Structures are given as structure tokens and as C-alpha cells.
Participant: 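Please read through the structure below; I'll follow up with questions.
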Amino acid sequence: MEYLNLFEKYGHEQVIFNVDPEVGLKAIIAIHNTVLGPALGGCRMRKFASEKDAVLDVLRLSRGMTYKNAAADIPYGGGKAVIIGDPSVDKTPELMESFGRFIQTLQGRFTTGPDMGTNLDDFKYAKRYTPYVITWEEKFTTPDDISLNTAYGVYMGIKACLKQVYGDDSLDKRVVAVQGLGKVGYNLCSYLSEEGAKLLVSGHHRDKIDRVINEFNAKEVGVDEIYSVLCDVFSPNAVGAILNDNTIPELKCKIIAGGANNVLLNEKKHDIKLYKEGILYAPDYVINAGGAIAAAQQLSGYEYEKVRKKVDNIYNTLLKIFSISKYEDTPTHKAANVMVERKLKKAREKRKMYYKI
Ligand code: PHE
């Protein structure tokens, strides 16, 4: 694999491979773009089928963070880390400490925190060696604050989509198909059911499925059936690339709005396909920015009210993107990209001027 060419293609500044055999750590940190500030993005831990898959995932995820942070006006650039391993077996305090030492070598060029397979608590071990991690703090409302904010933002984003499609943002009696019942999926189900939505859910863990059935009266759907159920909203909250040539023709929803990253297998092609099918797609990095907003706020002194206000604003940002999409007859993901790329270009020009002085 021609890695440097690949980094160039994705627009990356720097990719760092980290190995510590003593604790079994294999991690990749990808810094995509620091025009808006030092990079900020979560750290994902999971097994990968191959090393190449891990590289591609971290490249796609870190590029997504540049767009996410820019779209939400978060003064940070984009980066992401992956740790290769099974979090339920391989995630030890020693491994997280070692990871913290690697983060510290970057001297603040990259700050990280929880993502799939990691939580706020894990980072207390990394924090022994570096200040550049988001960990649990007493001012947080719950031990799960980052994903709670992601879920809340997705909930607000779903309301914006309902407003756009039906002219009314109430969730009462709306049918939402939720894929993935991890930290984000579970909390999202809670927000949705509180407002009267009917939930169809799919997941891979029996205990997590039973929990939402018991707590929110959700109905279980098979992991392959979730794409084809009749619903108002399909909400992906697990891994990426799940909207592709196979799944899009199966969809019977009006809206796609969820917390997962990189939902479209092929950004251009599948964005157009959904647009042509008349399905409203909430661009992933816009609707799932709640956790990033909370993480960035933590770095400048966390204030609950400020976080809530910024996360609430996902509703308006999405409506703005939908209106650009309509006005310019362009798919929604593309409309969001154009908005972000304009911001990045402006920032780059300003930075050039700053360097000249
Ligand atoms: N992992 C989440 C995301 O990628 C939240 C997060 C953002 C965590 C930034 C830490 C830093 O959006």
C-alpha cells in the first residue's frame, strides 16, 4: 500500500503509528487538518479485519472531524485515533497509560477522548501522562457526558428533519428505526421515547436490546431487516459505510438521521442516490457533533448551559443546509461540504496573512 499517496489523497497533514509491545498497544493517530486549530477527535478501539482497514478508518474518521468541528464552529482542527484491539479484553490501565504517553509526544497538536470502544473513565489513565485528553470531571452531568451530548444533538437533528419533511417537529407517534444500541443509541432511544416516538431497534448485544425493550417499549428488528422496515426516520448509530448500493434500495423511510460517522460508503455517489430517491439525509458530521461540542467546551472550562445552547443549534444548522440544498438543487451532504470548505478556505487565507506578519 502506498501510504503517503493515500494520506495525500485524503488531505492529511500527519499520521503517526505507535507501538508498545510491553502493554500490547498498537495505535494510529491521524491529524487531518489544523487550519482551524490543534486537532480534536475521539479515540476508537476495536478489532479490525486488517491493518489497512484500521488505517482507512482512522483516515476517514479524522477527515470527518475536520468537517465536524468546522461545521459546528468548534475552534479545533480534525484528528482521530484508533487503538487496534478488543476493548472488552485488551483495554487495560497500562495500555491507556502508554497511549497517554504517545499523545503527550504531540505536545497538544492532538487532543482526544471517548469514541466507540472507549469511555471517559478510560482516559483517567492516559491523563497521568498528558493533559491532552478528555476525561470525567465532576461538573459533568453524568459519567457518560460526551455520548449523552452526541445523542441529544442527534435527537435535535431528527426534529429538524421532521420539521423539514412534515412541517412539524413533534416526535409523538413517529416511527424511528434505531440501528446500534451503544452509548449513543441507548441515550437517543431515551430522548425519542420520552417524546412519544415508537422505536424499532436492532443491535448485536442481547442485554442492550432487552434494556431498550423493557425501558422504552421498543420492538426488536433483525440486524439485516432494520434497513427495510417502514418508518419515518432511519437512525444509524453504529459503524460507518452502512448506506451503500445494497442497502439504499431497501429503505422505506423519509429521513436518515443518526449518530454514526461516515455513514455513506461512497460520499458522492450515495449522497446523490438518496437525494434522487427523495430521502432527506442529515449529513453525519453535522448531526453527530454534540459530543465534539461538549469535548471542546471541556477544554475551555465546561459550562452546561453553553454546551446545551451550542448542541441545540444543530437544529438550525441542519435547516440552513436543507434550505441551501433545496435552493441550489444539490444533495445535502454536498451542501454541507461546500459550507465547510468555504470556512476552511477563509481560515487558511487568514492564517497565511498571520504568517506573513
Ligand atoms: N468521539 C466523538 C466524535 O468523534 C466525540 C468526541 C469528539 C470525543 C472530540 C472527543 C473529542 O464526535
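Being a predicted model, the structure only gives us computed values, none of them experimental.
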Participant: List the residues meeting salt bridge (charged side-chain N to carboxylate O under 4.0 Å, His left out) with Lys124, not counting sequence neighbours, and say none if there are none.
Facilitator: Asp121
Participant: Report the residues that fulfil salt bridge (charged side-chain N to carboxylate O under 4.0 Å, His left out) with Lys326, sequence neighbours left out, ordered by chain and then residue number.
Facilitator: none
Participant: Salt bridge or not for Lys80 and Asp115, using N-O below 4.0 Å?
Facilitator: yes
Participant: Can you find a side-chain donor-acceptor pair between Asp20 and Ser98 that sits under 3.5 Å?
Facilitator: yes
Participant: Group every Ile, Leu, Val, Met, Phe, Trp and Tyr by side-chain heavy-atom contacts under 4.5 Å, then state whether Val154 and Phe322 land in the same group.
Facilitator: yes
Participant: Return the set of residues passing salt bridge (charged side-chain N to carboxylate O under 4.0 Å, His left out) with Glu215 (not counting sequence neighbours), or none when no residue passes.
Facilitator: Arg211
Participant: Using a distance-only test with no angle check, is there a side-chain donor-acceptor pair under 3.5 angstrom linking Thr92 and Asp90?
Facilitator: no
Participant: Kindly write out the residues that satisfy side chain to side chain contact (heavy atoms under 4.5 Å, CB included) with Ile213, not counting sequence neighbours, or none if the list is empty.
Facilitator: Arg206, Ile209, Asp210, Glu220
Participant: Distance-only criterion, 3.5 Å: show the donor-acceptor pairs between side-chain atoms of residues 21-31 and protein atoms not counting sequence neighbours.
Facilitator:
none

Participant: What residue among Gln104, Arg101, Gln107, Glu97 forms side-chain hydrogen bond (donor to acceptor under 3.5 Å, both in side chains) with Thr130?
Facilitator: Gln104
Participant: Give the cluster check for Tyr166 versus Phe234: same hydrophobic cluster or not, with ILVMFWY residues linked at side-chain heavy-atom distances below 4.5 Å.
Facilitator: no
Participant: Can we call the ring centroids of His333 and Tyr285 under 6.0 Å apart?
Facilitator: yes
Participant: Whether the Asn261 and Asn288 side chains hold a donor-acceptor pair (N or O, under 3.5 Å, no angle test) is what I'd like checked.
Facilitator: yes
Participant: According to salt bridge (charged side-chain N to carboxylate O under 4.0 Å, His left out), does anything in residues 272-298 pair up with another residue at least two apart or in another chain? List the pairs.
Facilitator: Asp245-Lys273
Participant: Considering only residues two or more places apart or on different chains, which pairs with a residue in residues 164-174 satisfy salt bridge (charged side-chain N to carboxylate O under 4.0 Å, His left out)?
Facilitator: Lys159-Asp169, Arg174-Asp232
Participant: Does Lys345 pair with Glu349 as a salt bridge, N-O distance under 4.0 Å?
Facilitator: yes
Participant: By salt bridge (charged side-chain N to carboxylate O under 4.0 Å, His left out), which residues pair with Arg60, not counting sequence neighbours?
Facilitator: none
Participant: Output every pair passing ring pair (Phe, Tyr, Trp, His ring centres under 6.0 Å) with a member in residues 73-104, not counting sequence neighbours, ordered by first then second residue.
Facilitator: none
Participant: Listed by chain and number, what are the side chain to side chain contact (heavy atoms under 4.5 Å, CB included) partners of Ala294, not counting sequence neighbours?
Facilitator: Asp145, Ile146, Asn149, Tyr302, Val307
Participant: Any ring pair (Phe, Tyr, Trp, His ring centres under 6.0 Å) pairs touching residues 169-205, not counting sequence neighbours?
Facilitator: Tyr152-Tyr191, Tyr155-Tyr191, Tyr186-Phe216
Participant: Could you list who else is in Tyr327's hydrophobic cluster, with ILVMFWY side chains joined at under 4.5 Å, directly or through other members?
Facilitator: none
Participant: Before accepting this row, confirm whether a basic side-chain N of the pair Arg308/Glu303 lies closer than 4.0 Å to the acidic partner's carboxylate O.
Facilitator: no
Participant: Any luck finding a side-chain donor-acceptor pair between Tyr227 and Gln179 under 3.5 Å?
Facilitator: yes
